[in-house]
Protein chains: 2
Amino acid sequence: MDSPLHRYKAEFFKTLGHPLRLAILDALRSGPLSVTELQAVTKADQSMLSQHLSRLRNMNFVTARREATTIFYQVHDQEIYQFLDLARQIYGRQLKRSEDILTELNQA
Amino acid sequence: MDSPLHRYKAEFFKTLGHPLRLAILDALRSGPLSVTELQAVTKADQSMLSQHLSRLRNMNFVTARREATTIFYQVHDQEIYQFLDLARQIYGRQLKRSEDILTELNQA
DNA sequence: TTGCTATATTTGAATATTCAAATATAATAA
DNA sequence: TTATTATATTTGAATATTCAAATATAGCAA
């Protein structure tokens, strides 16, 4: 049952499984940004950013376009934000569950 | 911009970033299953399954209940399936893009 | 051409994850 | 009690990921 589909899907989620990559996607919510701008927003250094952008590119989360010497990144599919927001709702509820368990523990 | 929220969110996605863990969640779509049943469905061995179930438990993707000596797992929040299906749509489109690029390459 | 700016890639060490095997625990039955 | 079944945890080696530093490339201007 470890199908190629599950393997691909796992790669998809792994690509999202890094704080900086999530920060990059968040930064691109309001439109394309250059790498320099992303450096400013995310506080990550050039090499880090470039490596993580590369992974996001490979999974087609973002696309890049060159304008002279500057490269602008943008998300490939805006629906990713609907998806990320749904994720937030779900882990919000999962977090709440952890809190509930902690509360119970403290009361006992 | 590497906030605790991005770190938590990354953990959430990382937990989904494994083929067996995705297979487990898929297997639980139609209702709770025991570990033995999950072994049969996923073809994974006992120890593997237990370890991955443990990660899914830690992130509250699943809950376990004991019935005599058998332990049944179920998903904690059914909405996870809506979420996984949305993921499929998105990576479906992302895959399509890769295919398009390949087609272009072959034509050139 | 040289030099400069923006970005990408390579490299190797540090760290984290996975896997398989062995061992541990918990409930029950004999 | 001992044995059995179902599941969980620990351990260490194999593998993958991350990070930081160094190096490479691409476009442009002087």
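Here is how names work: the chains are called A, B, and so on, in the same order as the sequence lines, proteins then strands, and each is numbered from 1.
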| request: Please check if any side-chain donor atom of A/Y73 sits under 3.5 Å from a side-chain acceptor atom of A/R57, or the reverse. | output: yes
| query | Which nucleotide, C/dT18, D/dC19, C/dA8, lies nearest any side-chain atom of B/R21? | reply | C/dT18
| request: Tell me whether the centres of the aromatic rings in A/F83 and A/F12 are closer together than 6.0 Å. | output: yes
| field | Residues B/K9 and B/E11 bridged, charged N to O under 4.0 Å | value | no
| said: Can you tell me which nucleotide in C/dA8, D/dT7, C/dT17 comes closest to the side chain of B/R55? | reply: C/dT17
| task | Please determine, for the side chain of B/Q46, which listed nucleotide (D/dT7, C/dT18, C/dA6) has the closest atom? | result | D/dT7
| query | Side chain of A/M48: nearest nucleotide among C/dC19, C/dT28, D/dA20? | reply | D/dA20
| said: Once you apply a heavy-atom cut-off of 4.0 Å, does A/Y73 come out as touching a base, just sugar-phosphate, or nothing? | reply: sugar-phosphate
| message | Quick check for you: among C/dT7, D/dT9, C/dT17, whose closest atom lies nearest to any side-chain atom of A/T36? | response | C/dT7
| message | Looking at the base of C/dA8, is there any donor atom on it, or on the side chain of A/Q51, that sits under 3.5 Å from an acceptor on the other one? | response | no
| said: Can you identify which nucleotide, out of D/dA8, C/dA6, C/dT18, has its nearest atom closest to the A/T69 side chain? | reply: C/dA6
| query | Closest to the A/V35 side chain: C/dA8, D/dT9, C/dA20? | reply | C/dA8
| Sugar-phosphate, base or nothing in reach of A/S47, heavy atoms under 4.0 Å | base
| request: Fit a plane to each ring of A/F13 and B/F13, take the angle between them on a 0 to 90° scale, and name the class: parallel (under 30°), tilted (30 to 60°) or perpendicular (over 60°). | output: parallel
